[in-house]
Amino acid sequence: MAEHHDQHGAHGAGHDEHAGHHPNYKKIYFTLLGLLVVSVVGPVFGIVWVTLISAFGIALVKANLVIQNFMHLKWEKRIAKWFLTASLVLMALFVGGVSVDVLNHEGNNWENIAAQAAVERGLAAAAGEEVVEEEAAEPVDVGFNAPNMFNLVCASCHGAAGDGKGAAGLALDPRPANFTDPAFWAERDRARIVNVITNGGASVGRSPLMVGWSASFSAEQIEQLADYVETFRPGA
Amino acid sequence: MIPQASTYAASIDNVILLIAVLVGFWFIAAEGMFFWLIWRFRAKEGVKSEYLEGHEPHVKKWITWPHSLVLVCDVFIIIGAVQVWYNVKQRLPDDADATIRIIGQQWAWTFQHPGADNDLDTADDIFTVDDLHVEVDRTYIFQLQSRDVLHSFSVPVFRIKQDAIPGRSIMGWFEPTQTGEYDVQCVEICGIGHGVMAARIHIEDAQQHADWIRSASTGTAQ
Amino acid sequence: MAHTATAADTHHDAHAHEHHGPQGILKYLWSTDHKMIAMQYLFTGIAMGLIGAYMAYVFRMQTAFPGVNVPGFGQVSPGEYNSLITNHGTIMIFWVAMPVLVAAFGNFLIPLMIGADDMVFPRINRLSYQVFLLSAIVLIVSFFVPGGGFGGAWTAYPPLSAVAEYNQTNLGSSLWLLAVALEFVAFLLGGINFITTLMNSRAPGMRAYDIPLVCWMIVIASILFMLSVGPLIAGAVMLFFDQTLGTGFYDPARGGDPVLWQHLFWFFGHPEVYVVLLPAIGITIDVIATFARKKVFGYKLMLYTTVATGVLSFFVWAHHQFIAGIDPRMANVFTITTLLISVPIAELCFVIIATLYGGSIRLTTPMLWALAFMAEFLIGGVTGIFLGASGADIYFHDTYFVLAHFHYTFFPIAIIGTFAAFTYWFPKMFGRMMNDTLGKIHFWGTIIPFNIIFIPLFVLGIGGEHRRIYNYEHFPELAGEGMFMLRQIATVALLVMLIFQVVFFYNCYVSWKKGEKAGKNPWKANTLEWTTESPPPHGNWPEGLPNVYRGPYEYGHPDRKEDYWPQNQPS
Amino acid sequence: MAFPKPQATLRSATGIPTGRLAVWWLLASEVVIFGGVLGSYLMHRLGHPEWAEAASHTNTWIGAFNTFVLLTSSFTAVLAHQAAEKGDGKKAAGFLVLTIGGALTFLMVKSYEWTVEILEGFTITANGFWSFYYTAAGLHALHVIAGAIIMGIVAADAYRGRELQRVELIGIYWHFVDVVWIFLFPLLYIAK
């Protein structure tokens with residue numbers, strides 16, 4: 001059996017070739033502690049570039065000391081260095097490719113309104129200013145008005161006349177509710193209308209296509225919508 | 001193919017055609033060679049296969065030459081694709097006639113038209129759901145936004161398509177070249193109602209468009 | 001050197017079952033033999049494949065005949081439709097293509113082909129399968145929780161996937177994500193095993209260029225997987241926190257960014273294509289070399305090209321996001337890298353085609369599958385150019401054209417490649433030959449319907465029809481008569497293809513029971529797995545592990561009377 | 001009864017022992033996992049100057065003390081490796097137990113720190129910075145816990161003079177956990 005007997009076990013070939021190269025671990029340990037002190041003290045000066053060097057420059061030095069001496073990468077075969085380097089290079093590639101979209105808040109023909117607003121809000125709060133509830137997070141403020149909102153959002157399925165004959169609703173099964181139908185009102189009360197607008201059709205065993213709107217509208221606004229829906233009630 | 005209804009639809013179709021010709025050539029050449037070799041070198045009694053490393057220069061050229069030619073074809077495709085891309089996505093026309101805002105939400109499109117004064121975000125803006133009205137031969141810039149999840153605004157006859165991302169405002173442009181009424185689709189899956197998130201685009205001539213603005217402003221539209 | 005296990009492991013000792021260990025089915029579940037683990041992966045993969053095929057059947061019926069009461073399922077609601085397409089994609093990629101091509105054949109072939117008695121870490125190997133099995137169970141459970149299975153497409157773009165109010169599958173989406181994450185862990189464990197085994201445990205005399213290409217390909221695929229999946233695991237943790245704890249990593253209103261997930265996903269997602277493609281190409285080239293009795297045309301060329309493909313595959317990810325909201329300037333960079341990757345891929349195809357030159361081609365069933373892989377994959381390859389070129393992608397993005405392109409790459413990879421490998425190595429796995437006639441019936445019964453399914457979908461895509469839409473009635477132009485007909489043709493072809501799979505399972509059963517005894521080397525092939533018994537016993541070569549004297553593809557050597565020359569023959 | 005190692009495990013065509021090769025690959029995959037979290041954090045942090053305010057609520061002294069603890073445990077881990085190389089399993093086990101002590105100290109300090117922060121209202125949902133803070137540090141803490149458990153198993157074996165090569169392997173892993181913290185410390189604590 002032609003096995004590579006010399007190359008296994010605790011003291012295999014991989015070790016033998018760097019036997020005798022062991023660094024003075026104690027010295028490296030105390031160097032690391034010294035560097036730690038420097039990195040903690042660095043920000044005391046309050047100068048940005050000193051902090052950057054003392055924090056990240058020293059982190060690199062420390063990591064390098066640990067990797068080379070404690071992990072013995074200095075004496076490892078080249079192949080291990082290659083694939084560890086490859087993984088780091090890939091991360092640099094990833095950050096490089098993604099930062100154009102994620103780090104920046106505006107670019108060619110686009111801007112990240114929500115992020116810009118979040119930055120402004122946050123900086124204002126940090127400066128101790130009154131936090132103004134920004135409307136910018138909402139893409140457009142068309143003002144709330146129950147009939148308008150019904151026409152904007154609900155009418156595509158329920159129809160502007162509330163008859164369940166909106167363009168998108170024509171092909172749905174089950175059909176969108178017809179608010180002009182007396183049978184519809186026979187078994188429903190206001191609490192149920194509010195509940196369905198808030199939590200969606202699935203919450204009462206009806207079509208899940210009717211989603212809950214609690215994320216978009218306040219309870220007060222949903223009440224107004226329910227009021228508007230009740231205006232379709234025959235004889236109302 | 002479906003009709004070309006925007007100024008850049010033809011250029012996008014031309015890139016597709018360019019690619020079709022180039023890769024079609026390679027496809028036919030490769031498949032032809034492939035089946036010919038299978039037929040030519042089918043097992044015959046008493047004939048032993050040839051012993052070829054594939055690294056000899058006189059045979060290796062059968063790989064290296066096609067391979068260089070593929071690279072040349074790639075260069076043509078890159079040039080064609082990037083030109084069109086620049087025109088459609090990267091630049092915005094300086095002299096746009098109007099700006100509209102398109103807002104996606106589960107599962108409807110809201111279109112904010114500039115209205116009679118042709119300025120967005122004024123009191124006479126016209127909001128419609130699932131019906132976009134534009135005038136033929138005018139250049140439009142659109143601002144694409146989303147209220148909840150990702151949507152994608154696609155007008156197949158224009159060949160335009162752009163995702164809407166919540167929190168962002170993404171700009172694009174188009175210029176319709178023929179009147180008619182066409183499909184607008186959401187093409188990024190956006191939940192249960194993705195399949196019903198359809199809208200219509202109405203491309204009107206100047207007279208019809210003015211009529212529509214007038215009727216919509218007085219509240220009789222839709 | 002003391003071969004000692006930890007106390008916790010001695011319970012499940014490989015030899016213990018001979019005396020007091022687990023009996024019956026547990027004997028198979030607790031085995032550490034690489035061949036047994038390969039079988040576990042293979043059969044789990046096939047079972048999941050049947051589930052995925054069933055899903056395809058249900059939603060294709062719905063698209064072709066909207067509102068029909070699908071036999072075996074019933075009415076398909078829009079939510080169910082989304083859930084079916086999502087899980088069909090997820091299952092076919094993560095629970096069929098990867099376990100079968102990478103894990104099953106990697107486990108079966110790597111030790112046998114490099115002359116080792118097992119994987120280097122048999123117990124980690126077993127753990128890998130068990131985690132994988134757990135992930136499959138979690139995924140299946142996710143279909144049946146309240147609210148149903150996750151329906152946000154296999155790409156799971158937030159905020160749809162992150163917020164329960166939007167996707168309405170609160171539990172389903174969390175379980176889906178958990179299953180995918182567990183599956184990644186399983187393949188990380190398996191991948192480390194494959195890579196280390198190939199790097200360290202080759203038979204004496206086997207140089208880097210004596211390793212069969214399929215082993216190289218599986219290992220390069222594992223390396224790609226390991227180096228690309230990390231960001232997605234990190235992203236999945238963040239998405240999971242968004243779903244369960246309510247953090248805002250992907251919520252724009254709270255400083256997060258949905259586009260980040262797209263990058264995290266596709267940074268993995270594109271190399272993932274090559275993770276499953278490379279093993280299939282490796283299988284194809286090995287099968288073609290054997291049945292063309294031909295040395296691979298340019299072994300080193302092929303190997304370097306594969307490495308180049310692997311490296312380039314990390315530079316192209318954003319071509320999936322051209323119109324998904326990335327900065328348009330970046331699209332130019334990614335168009336260039338994407339079209340550049342066509343060069344090495346074209347070269348791989350040229351090498352396979354050139355290998356046929358001067359051969360003595362025998363059209364056995366495995367050879368038919370391997371040739372079909374090449375012929376069909378070319379279609380998938382050339383249609384990819386349309387999508388990689390940014391200008392053309394504006395139109396084709398998210399249409400049926402993408403879907404057809406994607407299936408013209410993945411079907412050859414996951415199905416045709418698997419059948420090529422399965423029929424080729426069946427004699428080694430079970431010790432008996434498969435029935436060639438039944439094999440050919442099954443071959444034609446799969447290949448012809450396959451083309452009839454997906455060529456109409458190309459046409460639909462060119463016509464502007466978009467995927468993931470459960471009912472076209474809302475789109476007057478796109479729901480035209482011709483379009484409907486094309487969808488129906490595709491669905492009928494799918495039914496025909498599914499019916500023909502019965503032939504395959506029948507053939508497997510009959511051949512396994514009554515097939516002709518295979519002997520050690522029925523195909524007269526060179527690689528090491530054909531030098532031991534069929535099926536190989538535990539330890540693979542009871543009489544001692546082989547030594548290697550030459551490369552794996554020495555067919556038709558002029559100095560020899562026979563046209564093959566096994567790797568382990570001294571001269 | 002011992003688990004019989006296959007001969008495959010004992011071969012070493014690369015010259016790197018199999019176990020160590022596997023650990024290097026494991027670390028390569030860990031680098032990309034942490035790279036994904038830290039890369040995402042870095043991009044958000046640079047794009048959101050307002051997070052500096054949130055970051056100023058972290059306690060640099062606790063972070064520095066934990067860095068000190070991890071550096072020290074790395075030191076004892078490498079001493080354990082040195083002892084194992086000399087074949088002294090008992091001494092190696094002793095150093096490993098010290099390393100586990102370091103891990104436990106780290107975790108106790110961490111849980112104290114988190115308790116204080118959560119009580120002050122800085123939960124994982126408080127804002128983007130805190131989400132990343134808990135996710136990155138939590139992922140790291142998971143690695144500390146896993147490392148401590150495996151180290152216990154390795155130490156028990158080493159004490160009986162078995163599987164001494166594993167002392168080096170767990171050591172390499174432990175140094176990696178240390179290196180991750182060396183970067184987390186300035187990213188989460190110092191940069192304000």
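Throughout, protein chains are lettered first and strands after them, A, B, ... in sequence-line order, and every chain is numbered starting at 1. These numbers come from a predicted model, not from an experiment.
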Select one option (side chain, backbone, both, neither) describing which atoms of [X] are under 4.5 Å from chain D's heavy atoms.
X	answer
A/Ala92	neither
A/Val98	both
A/Ile58	neither
A/Phe70	both

Enclosure of A/Tyr25 OH (heavy-atom neighbours >12, cutoff 6.0 Å): yes
CZ (D/Phe65) with more than 12 external heavy atoms under 6.0 Å: no
Hey, are the side chains of [X] and [Y] touching, using non-hydrogen atoms and a 4.5 Å cut-off?
X	Y	result
D/Phe183	A/Phe56	no
D/Phe176	A/Val66	no
D/His81	A/Met71	no

Counting heavy-atom pairs under 4.5 Å with chain A, which one of [options] comes out on top?
options	result
D/Leu27, D/Val31, D/Asn127	D/Val31
D/Thr72, D/Leu46, D/Leu21, D/Thr67	D/Thr72
D/Phe75, D/Trp51, D/Phe68, D/Trp61	D/Phe75
D/Leu42, D/Val179, D/Val23	D/Val179

Close aromatic pair by centroid cut-off 6.0 Å: D/Trp25 and A/Phe83: yes
Interface moiety of D/Leu169 toward chain A, non-hydrogen atoms closer than 4.5 Å: neither
Residue part contacting chain A, namely of D/Glu50, when any heavy atom lies under 4.5 Å: both
At what distance, to the nearest 0.5 angstrom, does [atom1] of [X] lie from [atom2] of [Y]?
X	Y	atom1	atom2	result
D/Ile190	A/Thr51	CD1	OG1	8.5 Å
D/Ile182	A/Leu65	CD1	CG	8.5 Å
A/Phe30	D/Leu71	CZ	CG	11.5 Å
A/Leu73	D/Trp24	CG	CH2	4.5 Å
A/Asn69	D/His175	CG	NE2	10.0 Å
A/Glu76	D/Arg20	CD	CZ	4.0 Å

What's the shortest heavy-atom distance between [X] and [Y], and which atoms?
X	Y	answer
A/Ala80	D/Ile16	CB-CD1, 4.3 Å
D/Met43	A/Val95	SD-O, 4.0 Å
D/His48	A/Ala118	CE1-CB, 4.4 Å
A/Met91	D/Val32	CE-CG1, 3.6 Å
D/Ala28	A/Ser87	O-CB, 3.7 Å

Chain D interface, residue from A/Leu36, A/Val40, A/Val102 that has the most non-hydrogen pairs under 4.5 Å: A/Leu36
